[in-house]
Amino acid sequence: RCQQIRRYPRHKLDVENKSRTMKSVIPVSLVAALLAIGQPSAEAKTETLRLEPRYLITVAGVATGRLTLQVARTGPKYRISSTIRSLGLIDGLIGFRSEATTSGAISSGLVYPERHKADNIWRGDQRHVRISYGPTGPFDVIADPLPENDDRQAVAPALRVGAIDALSAA
């Protein structure tokens with residue numbers, strides 16, 4: 001289900017009428033229309049675009065997982081939530097569950113995340129991530145378990161510059 005944002009008011013000018021009165025109204029109407037087109041309506045700034053796609057993940061025709069997304073955008077702000085779970089034989093092997101949420105802003109076609117959180121279960125082990133973003137990327141990162149306790153390497157601060165989360169990237 002998708003609700004479209006009405007970005008600009010629609011103006012229709014009847015230029016077929018060549019009367020003297022219409023000639024004096026057309027320039028004023030054109031200026032008003034151009035000004036209105038240059039700025040989104042107040043209604044467009046507060047309306048929310050929502051998408052809620054659901055996916056069944058299959059491998060060779062066998063269901064292995066389910067993904068549900070909730071995407072919302074109001075003006076320049078966005079929020080994306082995802083729920084993922086393994087199914088069938090894969091679920092018996094790894095029992096994967098994930099809930100993640102990201103919020104941020106969109107400017108000039110680019111995404112700027114502000115906060116990200118993820119709570120996962122992988123083979124019975126719980127994992128949690130919390131990230132706060134600033135102008136140059138993540139500045140406050142909390143990951144549990146810590147990289148040194150999880151057989152993975154920590155990301156060096158220099159490599160974090162400009163990084164964004166997976167939900168914002170998608």
For the residue pair [X] and [Y], what are the closest heavy atoms and their distance?
X	Y	result
Q153	P147	C-CB, 4.0 Å
S86	I94	OG-CG1, 4.2 Å
Q126	P145	O-CD, 4.0 Å
T58	A63	CG2-CA, 4.0 Å

Worked check of side-chain contact (heavy atoms from CB on, under 4.5 Å) between L87 and L56: CA-CA 10 Å; L87 298 174; L56 180 63; 3.8 Å; yes
Just wondering, more than 12 heavy atoms not from E148 lying within 6.0 Å of its CD? yes
A quick test of your reading: do over 12 heavy atoms of other residues, nucleotides or ligands sit less than 6.0 Å from CZ of R79? no
Heavy-atom side-chain proximity of [X] to [Y] below 4.5 angstrom:
X	Y	answer
R66	I84	no
Y133	D140	no
L67	T83	no

Go through the steps for F139 and I131 under the test side-chain contact (heavy atoms from CB on, under 4.5 Å), then give the verdict.
CA-CA 8 Å; F139 68 88; I131 304 173; over 6 Å; no
Would you compute the distance between atom [atom1] of [X] and atom [atom2] of [Y] and round it to the nearest 0.5 angstrom?
X	Y	atom1	atom2	value
L69	Y55	CG	OH	6.0 Å
S132	I142	OG	CD1	7.5 Å
K117	T102	NZ	OG1	11.0 Å
R85	T68	CZ	OG1	10.5 Å
S168	L110	OG	CG	12.0 Å

Which residues pass the side chain to side chain donor-acceptor pair (under 3.5 Å) test with [X], sequence neighbours left out?
X	answer
R127	D150
S81	T101
Q70	none
S98	N120

Steps toward side-chain contact (heavy atoms from CB on, under 4.5 Å) verdict (R160, V141)
CA-CA 10 Å; R160 294 180 187 178; V141 179; 3.9 Å; yes
Salt bridge (charged side-chain N to carboxylate O under 4.0 Å, His left out) pairs touching residues 93-103, sequence neighbours excluded, are D91-R97
Connected via hydrophobic side-chain network under 4.5 Å: [X] and [Y]:
X	Y	value
V71	L167	yes
V129	V155	no
V62	I57	no

Residue pairs passing the ring-ring contact (aromatic ring centres under 6.0 Å, His included) test with at least one member in residues 90-131, sequence neighbours excluded, are F96-W122
Start with the C-alpha gap between V111 and Y78, add the side-chain angles, then the distance that decides, and say whether side-chain contact (heavy atoms from CB on, under 4.5 Å) holds.
-> CA-CA 9 Å; V111 296; Y78 72 91; 4.1 Å; yes
